[in-house]
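Predicted model only: the values in this text are computed from it and were never measured. In listed order, ligands and their atoms are each counted from 1.
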Amino acid sequence: MPVTLSPGERELLETLVSKGLVSGWRMTTAELAERIGMDRSRVEALSRLLVEKGVFKLVEEEFLECRLTDEGRESLDKGLPEERLVKLLEERGGEAAIEEVRRELGSLYGPAIGNAARRGWVRIEAGRVKLLARGEAVDERRVLEEVARSGRIPPGLESVAKELARRKQIVCEKKRVAILEPTRPLDEVLREAVVEVGALTRELIESGAWRKVRLRRYNLKAEPPRRYPGRLHFYVEFLEMLRDVMREMGFVEYEGPLVELEFWNFDALYQAQDHPAREIHDTFRVEKPAAGDLPHEQLVEAVRRMHEKGWGYKWSRDIASRLVLRSHTTAVSARLLALRPKPPFRAFVLSRVYRPDVVDARHLPEFHQLDGIAVEEGMSFRGLLGLLKEIFERIGIRDVKFKPAYFPFTEPSAEVYVRIGGQWIEVAGSGMIRPEILEAFGVDAPVAAWGMGVERLAMALLGINDIRLLYARDVDYLRRFPVNWRLYTR
Ligand SMILES: N[C@@H](Cc1ccccc1)C(=O)O
């Protein structure tokens with residue numbers, strides 16, 4: 001059966017034949033590459049293909065790879081302990097007192113006597129070591145030399161090597177190599193082969209050679225090389241996707257300060273000054289400076305009146321002036337409402353907020369919220385729920401449900417739950433901004449508002465069970481996330 005050869009395979013075989021390597025050889029791909037002076041990885045790739053085509057056979061072989069220990073190195077330089085004993089006794093005229101030998105050989109004394117006696121070179125008699133034969137460890141020396149040179153054991157000396165390994169002169173490790181050999185003469189293979197070409201060239205057409213060559217089939221299942229171009233972090237992509245959804249619905253993005261007056265974080269939102277959320281364990285308070293400037297007097301007065309009339313206590317400017325790390329992005333919504341926006345006005349804030357939580361799989365002290373307000377004539381609680389449904393639908397979530405809730409700044413209020421992967425999770429708080437606030441600010445259209453926990457939603461949608469992974473920096477982990485092409489192709 002003639003084989004089909006690619007130009008590369010053909011070149012390898014021609015090189016082998018020209019170097020006389022037609023048949024009867026066995027070599028590793030590394031040896032072969034060196035022998036013919038061809039790039040090793042190319043030889044490897046080509047010979048793998050030729051094995052598949054039955055031109056080469058690949059035989060796995062085990063061999064021992066050895067090296068000298070420190071003791072082995074010393075034996076190679078100065079002789080094995082028993083040889084050194086023989087030399088010592090020769091210098092002493094054939095015998096010496098045990099004490100003297102022990103002193104001369106030190107720690108080698110035991111192995112020297114033991115091995116020399118076993119080989120019949122010495123005998124111990126009346127406290128003296130006597131030389132019987134002028135022995136030399138010829139085979140051992142050959143093994144040590146070859147191991148030092150090539151790491152291999154000379155053929156036929158395996159049992160000597162084993163003994164040297166037992167004596168800790170050498171250490172050996174079993175290794176595997178794949179050895180290549182031709183299955184039949186390569187010149188014959190070449191003569192019968194059909195040449196396969198990867199591209200139909202002008203030359204092939206003009207010369208008519210296209211009639212004889214075989215055109216390589218496209219392999220449509222071959223994996224292309226993977227490329228990892230620079231891209232946004234997947235969580236940033238997620239945040240951008242949310243921004244897009246909001247913009248598509250006519251909301252404009254705003255931002256406010258991260259270090260915020262309690263006035264905007266709480267007071268303007270009708271949250272009483274003794275409200276538990278204002279405690280130090282629920283909100284980060286800033287120490288230096290501890291307080292900031294309140295906004296214009298008219299607004300401060302209106303907020304004071306709202307608190308004192310509604311909640312019936314003495315409102316404190318000092319508390320309202322304290323600085324905190326904002327605990328919700330609704331603080332920015334409050335700032336926007338105080339600007340008395342003319343309806344229709346749709347705004348959102350997607351940014352960082354802070355709460356003193358201990359870091360674990362579900363909590364970070366810094367996280368994101370998405371707050372939105374819609375200031376519109378005719379806006380209603382129903383309209384708010386519809387807005388929320390639409391937002392989630394645009395994110396790809398169809399199952400949304402609402403539960404009555406309480407927030408100091410909205411009435412009525414609802415918690416928002418969505419179903420992702422069979423689980424209902426609470427993702428947002430929402431409601432109609434209270435008339436007391438609208439009156440204090442001088443806004444005369446109804447305002448729908450909500451605040452959404454972004455990390456939670458991302459975790460559920462991306463199937464991540466540890467919030468910290470949203471901030472992962474490990475490139476291998478990040479690459480697992482498919483690119484959101486929608487973001488890059490607009
Ligand atoms: N700010 C609220 C959510 C909310 C925003 C706007 C209206 C109603 C509720 C929270 O952090 O839980």
Self-check item: Near ligand 1, at a heavy-atom separation below 4.0 Å: residues by chain and residue number
Solution: His328, Thr330, Arg355, Gln369, Asp371, Phe407, Phe409, Thr410, Gly429, Ser430, Ala449, Trp450, Gly451
Tell me yes or no: between the side chains of [X] and [Y], is some donor less than 3.5 Å from an acceptor?
X: Glu455; Y: Tyr235; answer: yes
X: Asp267; Y: Trp315; answer: yes
X: Thr283; Y: Glu279; answer: no
X: Ser316; Y: Asp318; answer: no

Self-check item: Pi-cation contact, Phe409 with Arg434 (under 6.0 Å, within 45°)
Solution: no
Self-check item: Salt bridge flag under 4.0 Å for residues Arg247 and Asp244
Solution: yes
